[in-house]
Amino acid sequence: MGKSKASLVLLGILTASTVLSACGNNNNDAANEPAKSTTSNADAGNKGNKGNNENSPATSTDSKETNNEAPKAADPFGKYADPVTVTEVLGYNPPEDPKTPAGLTPDKNAYLKDLKDQMNIDVKYLWTVPTDQFEQKFSIAIASGDLPDVMDLDPRNFEKFKNQGVLADLTDAYAQYASPALKKFMESDGGAAMKSVSQDGKLYALPGFEEPFLSTQLLWIRQDWLKNLGLEAPKSIDELEKVAEAFTKNDPDKNGKNDTFGITLPKTVVGWAFDARGFFNGFNSYMGGWTKGADGKLAAGEIQPETKAALARLQSWYSKGLLDKEFGLKDESKVSEDIIGSKVGIAYGEWWVANWPLNLNKDKDKNADWIALQIPSIDGQPGKSLVPTVRMGHIVVANKKFKNPEAVVKMANFYIEMNTKKYYETNKPENGYVYNWFVPRIFNPTDIENIYTNVNNALGKKLTEIEDQETPYYTNSQQVLDAANKYLAGDKSGSVWGLYNSRVDENGGWGLTRQIRDNKQFVFNEYYGPATETQIDKGAQLDKLVNETFVKIIMGSAKIDEFDKFVSSWKALGGDDITKEVNAWYDKNK
């Protein structure tokens, strides 16, 4: 599983169209200016001696009015004298690494023990659920007002909570407690992401943003099945259909059984893994995105004629048995079980799919030979994936009621520190460290590109240790280099293949994505403003309408012309208002 998936642990869904504003140079942005308040107890994180309030940074109004000096930096890793309890909620997937101890649960994650030992912070989960149940569970929590201290939000909920006054002002906490590494990450885009989560000079979140091209859709296909059937890798949708039909009907694994199907798809047609984004993109349909129409206005991909054409083809494929007949009942975890069990040979996905679940399939099936392809297109030309202008995967916030909002900054510092060279020998899955269960996680936005460069440089020089040891997230590069050296020395295990293929191989996940990026074979989502007023109010309802309608059409319980009724409904239920709001933003920012 790659970082892109990891960033979604608490989101449930990725709303690619609802990324936040990243406009303008913000070198003078208030969010990045030193806070005006001062404190005589600037190192309170180390000194607190009468309860949690004394551990908090001073934020008195009087101090702000009488002293304009920047606050002294506190210890980003200081240990509280008295325990600080942080409540959270968690949607989680199984650990991606098979070396993780069996039966480990999120509350036993080794990161939490270290957090307690090093900072005296106790994480208490109000509840945990599998990721696919998170959205519904979190909606109930919102309705009841029973929200935790620290939350990992999608852009839509962030805007709603900010507007409702639910969120703590993190301006002082960030100014005083952010570690140099955290600041380096936050400033890596010139501060644009920080500006997008600020308002009226106040910082309301730590933005979890990443390299936009991590969203590029690829086609993953079993080359050993192609070879068994004498087929070439597909470049067009028509060629893909022929391959899918052969994978379904011609016993591609040569086991003498009729037990395979062509293309996998989860019940969430546009989701976070194995979904149909890449397929729609092959029809020049950009679901979840906003692209410029002939009139110069931005238009939503969901309602375009190209989307109807793509749906018609999926309906046809379902009727022929090329898609899983039970896809409407399967979430991403169930789909991954089909992949691991060699039931399917074609899946759309991002760069990280090699590291989950294809790596597990290789462990189970020694013949499995997956390769990454640029998405096939309707005209046979290299398919162009939709890419966000800004990739804001998640947004970390503190509840306004939380007495220690600086703890969210210190926890982010802690997670980054745990991935330095100092902890390289301990921070491993076999020792119970499950990174995608820890919140808050703020990644290096350029981590995957750094890994690709660092590891290939080391391999080129036949080194066994990464040369750049100052870069935060040293661990990530070194672990991949170790795996790459094992793989190139002949280790055939899925774990080393997955890391090598996803992050190092020139034609693997990130390697191919870089080629697509450098060849400019992509389409940008032109809207990167905050969630609009109507998106906040109606977005979830429209998302539900889209998915339910599209599943019915694909499965044949609704005719393809149902799409036209859907377009009318989408527009009437808020889509037209959202279109106006998006274009009002575009007129000011294009």
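Heavy-atom basis, side chains included; hydrogens, waters and symmetry copies ignored.
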Could you tell me whether K325 atom NZ has more than 12 heavy atoms of other residues or ligands within 6.0 Å of it? yes
Looking at E449 and R514, is there a salt bridge between them, counting it only when a charged N and a carboxylate O are closer than 4.0 Å? yes
Indicate yes or no: at least one non-hydrogen side-chain atom of D251 is less than 4.5 angstrom from one of T260. no
Angle class for the F138/F134 ring planes (parallel below 30°, perpendicular above 60°, tilted otherwise)? parallel
Hey, are K334 and D324 close enough for a salt bridge, meaning a charged N less than 4.0 Å from a carboxylate O? no
Can you tell me how the ring of Y111 sits relative to the ring of F438, calling it parallel under 30°, perpendicular over 60° and tilted otherwise? tilted
Polar contact flag, side-chain donor to acceptor under 3.5 angstrom, D149-T87: yes
Side chains of N361 and R222 in contact at under 4.5 Å (non-hydrogen atoms): yes
In Å, rounded to the nearest 0.5 Å, how long is the span from CG of D259 to OG of S342? 9.0 Å
For the residue pair P440 and V408, what are the closest heavy atoms and their distance? CG-O, 3.8 Å
A quick test of your reading: do over 12 heavy atoms of other residues, nucleotides or ligands sit less than 6.0 Å from CD of Q164? yes
Show your reasoning for whether side-chain contact (heavy atoms from CB on, under 4.5 Å) applies to E210 and D447. CA-CA 8 Å; E210 298 175 300; D447 191 42; over 6 Å; no
Regarding D238 and S236, do their side chains bring together a donor and an acceptor under 3.5 Å, going by distance alone? no
Between Q374 and L512, is there a donor-acceptor pair closer than 3.5 Å when you use the side chain of the first and the backbone of the second? no
Is there a salt bridge (charged side-chain N to carboxylate O under 4.0 Å, His left out) between K559 and E562 once you walk through the steps? CA-CA 6 Å; K559 295 181 178 179; E562 185 74 17; over 6 Å; no
I'd like to know if the side chain of D369 and the backbone of D224 have a donor-acceptor N/O pair within less than 3.5 Å. no
Short side-chain to backbone donor-acceptor contact, T549 and V546, under 3.5 Å: no
Supply the atom-to-atom distance K242 NZ to L229 CG, rounded to the nearest 0.5 angstrom. 14.5 Å
Contact between D189 and P445 at the side-chain level, heavy atoms closer than 4.5 Å - yes or no? no
In chain order, what residues pass the salt bridge (charged side-chain N to carboxylate O under 4.0 Å, His left out) check against K364, with sequence neighbours excluded? none
Any donor and acceptor pair, going by atom type alone, linking the side chain of Q217 with main-chain N or O of S215 inside 3.5 Å? yes
Do K400 and L167 make a side-chain contact, defined as non-hydrogen atoms from C-beta onward lying under 4.5 Å apart? no
dist W220:CH2 -> I346:CD1 (nearest 0.5 Å) comes out at 14.5 Å
Give a yes or no on whether N258 atom CG has more than 12 heavy-atom contacts from other residues, nucleotides or ligands under 6.0 Å away. no
Is there a donor-acceptor pair closer than 3.5 Å between any side-chain N or O of S557 and the backbone N or O of K552? yes
Apply salt bridge (charged side-chain N to carboxylate O under 4.0 Å, His left out) to D564 and list each qualifying residue two or more places apart in sequence or on a separate chain. K308
Enter the distance from L219:CG to Y348:OH here, rounded to the nearest 0.5 Å. 5.0 Å
Excluding sequence neighbours, so at least two apart, what forms ring-ring contact (aromatic ring centres under 6.0 Å, His included) with W370? none
For Y204, which residues count as a ring-ring contact (aromatic ring centres under 6.0 Å, His included) partner, sequence neighbours excluded? none
Specify the closest pair of heavy atoms between F522 and I516, including all atoms of both residues, with the distance to one decimal. CD2-O, 4.0 Å
On the ring face of F327, is K267 found with NZ or CZ under 6.0 Å from the centre and within 45° of the axis? no
Note: D379 and Q381 closest approach over all heavy atoms is OD1-N, 3.0 Å
Donor-acceptor check, side chain of K571 to backbone of D576, threshold 3.5 angstrom: yes or no? no
What orientation do W351 and W510 show, parallel under 30°, tilted 30 to 60°, or perpendicular over 60°? perpendicular
Hey, can you tell me if W225 and F247 have their rings parallel, tilted or perpendicular (30° and 60° cut-offs)? perpendicular
When you check the side-chain N and O atoms of D97 and S495, is any donor under 3.5 Å from an acceptor? no
Could you give the distance from CG (L265) to CZ (F279), rounded to the nearest 0.5 Å? 9.5 Å
Identify the two heavy atoms, one from P376 and one from I237, that lie closest to each other, and give their separation to 0.1 Å. O-CD1, 3.8 Å
Hey, is the main chain of G301 close enough, under 3.5 Å, to the side chain of T307 for a donor-acceptor pair? yes
Mind checking whether T579 and W570 have side chains closer than 4.5 Å, heavy atoms only? yes
Is there side-chain contact between Y415 and I442, with heavy atoms separated by less than 4.5 Å? no
Does the side chain of D338 come under 3.5 Å of the side chain of T264 through a donor N or O and an acceptor N or O? no
Are the side chain of S316 and the backbone of A312 linked by a donor-acceptor contact shorter than 3.5 Å? no
NZ/K384: more than 12 non-hydrogen atoms of other groups inside 6.0 Å: no
Run I263 and V344 through side-chain contact (heavy atoms from CB on, under 4.5 Å) and show every step you take. CA-CA 6 Å; I263 298 178; V344 62; 5.6 Å; no
Which heavy atom of A246 sits nearest a heavy atom of L231, and at what distance? CB-CD1, 3.7 Å
Does any part of the side chain of R277, heavy atoms only, come nearer than 4.5 Å to the side chain of L386, both counted from C-beta? no
Checking salt bridge (charged side-chain N to carboxylate O under 4.0 Å, His left out) for the pair K590/D587: CA distance, chi angles, key distance, verdict? CA-CA 6 Å; K590 61 184 177 182; D587 288 341; 3.8 Å; yes
Kindly say whether F283 contributes a backbone atom to a donor-acceptor pair with the side chain of E306 at under 3.5 angstrom? no
Could you check if a side-chain atom of L358 sits within less than 4.5 angstrom of a side-chain atom of I339, using non-hydrogen atoms only? yes
Pairs in or reaching into residues 525-539: which pass salt bridge (charged side-chain N to carboxylate O under 4.0 Å, His left out), with residues at least two apart or in two chains? none
Scan for ring pair (Phe, Tyr, Trp, His ring centres under 6.0 Å) pairs involving residues 530-565, sequence neighbours excluded, and state none if there are none. F550-F566, F563-F566
Closest non-hydrogen atom pair between S333 and N93, with its separation: OG-OD1, 3.8 Å
Calculate, to the nearest 0.5 Å, the distance between atoms CG and CG belonging to N157 and L147 respectively. 9.5 Å
Taking S285's backbone N and O only, do any of them form a donor-acceptor pair with N281's side chain (distance below 3.5 Å, no angle check)? yes
Mind checking whether Y528 and W585 have ring centres under 6.0 Å apart? yes
What verdict does the side-chain contact (heavy atoms from CB on, under 4.5 Å) test give for V89 and K137, after you've listed the backbone C-alpha separation in whole Å, the side-chain angles of each residue and the deciding distance to 0.1 Å? CA-CA 10 Å; V89 297; K137 184 78 173 178; over 6 Å; no
